Amino acid sequence: MDTDSEGNRTHPARSSRRADVVAAGAGILLIAAAVLIGAEIQHTDGTLQVPWPPLQAYWLPHWGPGTPAAVLVAVLGITWMPALALRLPWHRLLLATWATAMAWTWTLALVDGWQRGVAGRLATHYEYLSELNRFTDIPAALRDFTHHILSTQPQPWATHVAGHPPGAVLTFVGLDRLGLGGGAWAATWCITTGSSAAVAVLIAVRVLADEATARRAAPFLALSPAAIWIGVSADGYFTAVAAWGLALLALAATRTTSRHLAAALGAGLMLGFAAYLSYGLPLLAVLALAVLATARTARPLPAAVLGAAAAVATFTLAGFSWWQAYPLLVQRYYQGAGGIRPYNYWVWADLACAVLSTGLVVIATARRALAAAPSALHTLRRRTPNAPQAVAVLTCAALLSILIADLSGMSKAETERIWLPFTIWLLPAAALLPARDHRRWLVCQVVLALLVNHFLLTNW
């Protein structure tokens with residue numbers, strides 16, 4: 001509560017709000033340290049392997065055709081979204097959130113122009129589209145996939161194809177076979193699916209916490225700085241697959257749908273498929289366990305495991321072995337920039353990248369979630385947690401996933417996009433902030449996104 005019975009501010013509320021601001025200030029200092037120290041390291045020996053540390057980006061102040069539209073979306077979103085999120089019927093709110101997220105993502109992408117910001121992003125020689133001509137025989141390509149992961153092997157895959165399981169490139173092969181080939185269609189796919197992740201997270205929060213909490217979180221999911229990297233990178237698409245898999249698991253766990261077994265099976269299929277989009281996405285198991293723990297049930301687990309097993313069996317029988325490919329991927333990682341980038345910088349600078357991609361609000365809300373975590377865990381042992389506790393559990397699970405990825409050393413740099421499937425689950429905790437502060441925090445979110453997108457030219 002922010003007020004007492006007479007409408008006066010309570011001292012604990014004032015103290016908590018000050019702590020939010022202090023936490024955000026600490027986030028700014030973290031970013032500043034990553035920029036200044038990173039610039040010195042990069043200037044001295046170039047080992048960071050990014051042009052504008054800590055982001056994979058170039059310093060290039062610019063504006064483009066998306067600039068006026070992005071500003072308009074930001075102003076309208078700040079002005080109307082918090083109130084509409086509370087008043088709209090639930091299904092209309094989901095559509096409004098998706099529409100706002102798509103508009104925000106498209107306009108930010110178009111700040112860089114159509115070719116540079118959209119159509120050309122996935123068409124470079126590093127990307128998936130450059131290898132489509134090698135998948136004329138898909139079964140043969142899958143059987144031969146691991147033979148081209150290492151850069152020392154004949155005809156090594158392009159960077160992103162080698163760095164991911166084949167589910168990623170096969171998605172774009174499928175689009176091409178449907179007549180939707182080329183960078184523009186690939187970008188449209190990533191933006192459309194990626195922006196839908198906001199809807200999936202809202203659905204999960206509604207059934208695990210409550211509708212009021214989901215409504216308060218909606219503007220922050222729709223207007224996140226993460227849109228810069230959802231538009232356009234394949235990681236936006238990966239984020240959507242992961243988010244919908246977890247949303248289906250939440251629906252199955254809470255029996256909110258009459259088809260809870262089908263939802264559990266679908267959740268397993270999507271989460272299993274996610275592991276074939278990115279080698280880091282098995283860490284979604286942490287969030288999946290958090291979903292089941294919050295719902296205090298393991299009922300969906302057999303069907304979900306069956307769905308995940310079906311995804312694994314499909315790729316394995318087709319000729320691709322995940323467990324044989326991953327060690328080769330580790331070798332390829334250290335053959336390239338991963339073997340040069342210093343761990344002692346990136347182990348903390350990666351966190352600055354995550355703050356830049358999700359906004360300063362996540363520092364304040366993570367503080368609140370961590371403060372609520374002990375009581376939430378205590379409650380979980382006895383009964384279903386209340387809404388703030390449920391959000392705290394999800395937030396802590398996302399933080400744990402990020403921590404594991406960070407300490408592994410396999411995420412040195414580019415975490416502004418690589419960690420999107422995990423960082424998006426930090427945003428619902430914005431619902432824990434006092435309602436009267438929401439517009440101020442939204443302003444911080446959109447201003448950060450506009451500054452980053454107009455002063456830096458981000459890569460993939």
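Remember, predicted model here, so these are calculated numbers, not experimental data.
- The closest side-chain heavy-atom distance from Thr97 to Leu93 is below 4.5 Å.
- For the residue pair Trp244 and Ser196, a side-chain donor N or O sits within less than 3.5 Å of a side-chain acceptor on the partner.
- Annotation: His160 is not in aromatic contact with Tyr126 [ring centroid separation under 6.0 Å not met].
- The salt bridge (Lys or Arg N to Asp or Glu O under 4.0 Å) test applied to Asp20 returns Arg367, Arg368, not counting sequence neighbours.
- The backbone N or O of Gly120 lies less than 3.5 Å from no partner atom in the side chain of Thr124, so there is not a single donor-acceptor pair.
- Here the side chains of Leu246 and Trp425 are in contact, with some heavy-atom distance below 4.5 Å.
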Please table the atom pairs, donor to acceptor, closer than 3.5 Å between any side-chain atom in residues 73-84 and protein atoms at least two apart or in another chain.
unit_1	atom_1	unit_2	atom_2	d
Thr79	OG1	Val75	O	2.7

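- Using a 4.5 Å heavy-atom cutoff, the side chains of Leu108 and Ile230 are not in contact.
- Contacts of Trp348 classified as ring pair (Phe, Tyr, Trp, His ring centres under 6.0 Å), with partners at least two apart in sequence or in another chain: Tyr345.
- Centroid-to-centroid, the aromatic rings of Trp441 and Phe220 stay 6.0 Å apart or farther.
- For the pair Asn386/Thr379, no side-chain contact is recorded, criterion being any heavy-atom separation below 4.5 Å from C-beta on.
- Using modelled atom types, one finds no donor on one side chain facing an acceptor on the other under 3.5 Å when comparing Thr146 with Gln324.
- Taking the six-membered ring where the residue is Trp, the centroids of Tyr279 and Trp322 are separated by under 6.0 Å.
- Between Phe145 and Phe320, the ring planes lie perpendicular to each other; the angle is over 60°, past the 30° to 60° tilted range.
- Checked against a 6.0 Å centroid threshold, the rings of His454 and Trp63 do not count as neighbours.
- You'll find the side chain of Leu394 reaches within 4.5 Å of the side chain of Val291, heavy atoms only.
- When side chains are defined from C-beta on, Met410 counts as touching Tyr334, because their heavy atoms get closer than 4.5 Å.
- Looking at heavy atoms from C-beta onward, Trp419 lies out of side-chain contact with Thr358 at the 4.5 angstrom threshold.
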